[in-house]
*Asks:* 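First, the structure itself, so that you have it in front of you.
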Amino acid sequence: MVCLREKAAQHSFVRVQFIYRKQHDFYSHRVLIRMLLFAHVHHNQPLIQYIADIEQASIAVKKLVSESEVGLDIETTGLDPILDKIRLVQIATPLNTYVIDMYHVPISVLNPVLTGGPIKVIHNAKFDAGFLYVVSEGVMVEPIFDTMITDQVLHHRGYARSLKDLSKEYLDIDLDKEKQTSDWGAEHLSETQIQYAGQDAHVLLPLKHILEEKAVELQIIEVVNLENRLVPAICWMERSGVNLDRNLWNKLVKSAEAKATRLKEELNLSVAEHTSLGLDLFGNAAVSINWDSPAQVKKLLSDLGVEIENTRHSTLESNRGAHPVIALLLDYRGAAKKVSTYGTDWEKHVHPTSHRIHANWVQIGSATGRMSCKNPNMQNLPREAAYRNCFRAAPDCVLIKGDYEQIELRLAAQIAPDARMKKAFYEGRDLHSVTASYLLGKPETEAVTDSQRQMAKAVNFGLIFGMGARGLSSYAQNNFRVRMDETEAAKIRRRYFEAYSGIKNWHESQSRKLETRTILGRHRILEGERDYTNRLNSPIQGSAADGLKLALIKLWETRHRVNAYPVLTVHDEIVIEAPKELAGKATEWLKGCMEDGMGEFLQEVPVAIDITAKESWG
DNA sequence: AGTCCGCGCGCG
DNA sequence: AAAGCGCGCGCGGACT
């Protein structure tokens, strides 16, 4: 292939056409098409048709709809689909690239190509499809093959790569990105701008073919298909956005600010008392310590005779009794976190025109396959009802929330597999209580106390992913307020693996794997002993992510059933917005999609979904 | 002024 | 033998 590539690059377009005819029987059609592409991409052959009138655009569209796949890219005057404009839409076939000037052609002319018709090959399709979705008032680009997302799947990266990087690696083409940020709103576009625009669309088809070949080699095509089907659903959710009640939010901010200010004063006073620094002329504590600085806090505590390794919550908590400022500091930290991370600044993410929050959903946001979210992060809002209730349904609508119950434990039970754990889930029993019974040596029928269940919860969550006795001891203390010393934790750990021998065997079988796979086939490469716990966690966390993603896909692909749409998702939870009168129907729809999505992977253990409809989230 | 990193902490 | 995992964000502090 390398030699073909070089050969192609050496020939002019006409010359390659000649080779194509002459050696038609020798090279496959696909290979020759690729040679053509390399030839004129390398020689910067134009074959680029600039279109700035409706008639020409219609002719191009007629040709384009009969293609099986086209490269697509857009140039815009900015990054905001609501506030900014699309200037160019570039659509590439193997032989031609049309650069269509949207200042002179209405978007509707392109609809037959955009929705249905050929596969649209796009780099970071969420951007282009999201823009087109807004501008065309609801026409979704479909079907999509996203070269950025696909590359990420192949490389199990936690981050995406640019089209420039992909072109360099796979096609040995240097894309000039200089013009990317040029003025696309200018009345007349320069020839170089048009060439740049065309070139970007041009490399997409050959990229797709190479990525697909690699996907087949890696036996990962199902994951690639899942991710590509997901793109429209993510666009849909992101463009839907979610409504924030700014009045409610402001009240929370104000009270957090007041609390933080008060606690800071108390902290200063407390230190003044204990350091004989006394008060200043105005009766204020003459202490100038920045309580937001871990370094300064650590130093101060050391001066007060409390030596600690760090100032994180768990460390401070276990030294609570050592000095009165520590308890105050813990309270202050809570309030300060609310003020900084969930303060007034957070509201800047409300869009000026839509008045909703359109967060940036990152489709493959983690190495395991989970999504992430930023600007703002909708996935780490405080769980307190007061905060989540700030997210309210639009007028006459409800928010319906569905979440998978103990999804990772269910997946672990199947993947290990562990017969006892599977049985407990099949019988619809509460796994934490079941675990408590085993650890305590009680018969399963006998009730366990709340604190016993709490202990078992820590055990289930921790030990399943390879936590050790020491870790379990502090984990139980920090997260579940359960005290157990290390010896006790070790004993519990032994009992746990006696009860769940399937989990024990699974742990042993995973210790030397170089690659993990989710049930669907999503992979992650792991090296070294250090990655042992990742080997356990990745297929579970990743399979849960795959199942949730399929649920989102099903929502999109069956959207005609109910006039509703997703507004956010948090790893094991999907929230949709629906008109009040459709609440019942929408609830069934969400539940069904979530069951079916996860059910494709979790087949040997029941999928359980907790679902509620309210006017607000939380 | 802008950039980078570690710490700490919100969520699953 | 022993080992929880995955994110994004705000801050302080050090650097340019």
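Labels below follow one simple rule: chain letters A, B, ... track the order of the sequence lines, proteins then strands, and each chain is numbered from 1.
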*Asks:* Kindly point out which of C:dG12, C:dG6, C:dA3 is positioned nearest to the side chain of A:Arg524?
*Replies:* C:dG6
*Asks:* Checking A:Glu577 side chain against A:Ala564 main chain: does a donor-acceptor pair fall under 3.5 Å?
*Replies:* no
*Asks:* Do the side-chain N or O atoms of A:Arg383 get closer than 4.0 angstrom to the phosphate oxygens (OP1, OP2) of B:dG12?
*Replies:* yes
*Asks:* Out of B:dG12, C:dG12, B:dC9, which has the shortest distance to the side chain of A:Asp292?
*Replies:* C:dG12
*Asks:* Does any nucleotide pair with B:dG10 by Watson-Crick or G-U wobble geometry, both distances under 3.5 Å, and what is it?
*Replies:* C:dC7
*Asks:* Say whether A:Ser302 and A:Glu307, considering side chains only, have a donor N or O and an acceptor N or O under 3.5 Å apart.
*Replies:* yes
*Asks:* In terms of side-chain heavy atoms of A:Thr341, which of B:dG8, B:dG10, C:dG10 is nearest?
*Replies:* C:dG10
*Asks:* Ignoring the backbone of A:Val570, work out which of B:dG8, B:dG12, C:dG12 is nearest its side chain.
*Replies:* B:dG12
*Asks:* For A:Ile540 and B:dG12, what is the distance between atoms CD1 and C1' respectively, to the nearest whole Å?
*Replies:* 15 Å
*Asks:* Any idea which of C:dG8, C:dG13, B:dG8 is nearest the A:Ser293 side chain?
*Replies:* C:dG13
*Asks:* B:dG8 phosphate, OP1 or OP2: any side-chain N/O from A:Thr311 under 4.0 angstrom?
*Replies:* yes
*Asks:* In this structure, how many angstroms lie between the P atom of B:dG10 and the CD atom of A:Gln379, rounded?
*Replies:* 17 Å
*Asks:* Ignoring the backbone of A:His313, work out which of C:dG4, B:dC9, C:dG6 is nearest its side chain.
*Replies:* B:dC9
*Asks:* Let me spell it out: for each of A:Met371 and A:Phe465, pick the nucleotide of DNA chain C with the closest heavy atom. Which residue's pick is nearer the 5' end?
*Replies:* A:Phe465
*Asks:* Does the separation of the ring centres of A:Tyr500 and A:His507 fall below 6.0 angstrom?
*Replies:* no
*Asks:* What contact category does A:Ala469 fall into here, base, sugar-phosphate, or nothing, at under 4.0 angstrom with non-hydrogen atoms?
*Replies:* sugar-phosphate
*Asks:* Nearest whole Å is fine: how far is B:dG12 C1' from A:Tyr387 OH?
*Replies:* 19 Å
*Asks:* OP1 or OP2 of C:dG6 sitting under 4.0 Å from any side-chain N/O of A:Thr368?
*Replies:* no
*Asks:* Look at all strands and tell whether A:Asn375 reaches a base, only sugar-phosphate, or nothing, counting heavy atoms closer than 4.0 Å.
*Replies:* sugar-phosphate
*Asks:* Distance check needed: C:dC9 P versus A:Leu381 CG, whole Å only.
*Replies:* 11 Å
*Asks:* Taking only side-chain N and O atoms of A:Arg333, does any of them lie within less than 4.0 angstrom of OP1 or OP2 on B:dG8?
*Replies:* no
*Asks:* Ignoring hydrogens and angles, does a donor from either the side chain of A:Asn377 or the base of C:dG8 sit under 3.5 Å from an acceptor on the other?
*Replies:* no
*Asks:* Across the strands shown, which category fits A:Gln296 at heavy-atom distances under 4.0 angstrom: base, sugar-phosphate, nothing?
*Replies:* sugar-phosphate
*Asks:* Consider only side-chain N and O atoms of A:Tyr404 and A:Arg410, and report whether a donor and an acceptor are under 3.5 Å apart.
*Replies:* no
*Asks:* Once you round it to whole Å, what is the distance between P of B:dG12 and CG of A:Leu568?
*Replies:* 12 Å
*Asks:* If the test is salt bridge (charged side-chain N to carboxylate O under 4.0 Å, His left out), which one of A:Glu227, A:Glu222, A:Glu515 qualifies with A:Arg522?
*Replies:* A:Glu227
*Asks:* Which whole-number value in Å describes the distance from A:Asn290 CG to C:dG10 P?
*Replies:* 17 Å
*Asks:* Could you say whether the aromatic ring of A:Tyr532 and the base of C:dA3 stack, counting only centre distances under 5.5 Å and plane angles under 30°?
*Replies:* yes
*Asks:* Nearest to the side chain of A:Lys337 - C:dG13, C:dC5, C:dG8?
*Replies:* C:dG8
*Asks:* What does A:Ser538 touch in the nucleic acid at a heavy-atom separation under 4.0 angstrom: a base, only the sugar-phosphate, or nothing?
*Replies:* nothing
*Asks:* Out of B:dG12, B:dG8, C:dA3, which nucleotide sits closest to the side chain of A:Arg312?
*Replies:* B:dG8
*Asks:* On the side chain of A:Arg370, is there an atom forming a donor-acceptor pair with the base of B:dG12 - under 3.5 Å, no angle test?
*Replies:* yes
*Asks:* Measure from the side-chain heavy atoms of A:Arg388 and tell me the nearest of C:dG6, B:dC11, B:dC7.
*Replies:* B:dC11
*Asks:* Only one of A:Gln152, A:His123, A:His155 forms a side chain to side chain contact (heavy atoms under 4.5 Å, CB included) with A:Arg161, so which one is it?
*Replies:* A:His155
*Asks:* Taking atom types as modelled, is there a side-chain donor on A:Trp361 or A:Gln379 under 3.5 Å from an acceptor on the other?
*Replies:* no
*Asks:* Tell me: CG of A:Asn479 to C1' of B:dG10, nearest whole Å?
*Replies:* 13 Å
*Asks:* Looking at C:dC9, B:dC11, B:dG10, which one has an atom nearest to any side-chain atom of A:Lys374?
*Replies:* C:dC9
*Asks:* Report the distance from atom CD of A:Glu384 to atom P of B:dC9, rounded to the nearest whole Å.
*Replies:* 15 Å
*Asks:* Under 4.0 Å, counting only non-hydrogen atoms across every strand here, what does A:Gly468 touch: a base, just sugar-phosphate, or nothing?
*Replies:* sugar-phosphate
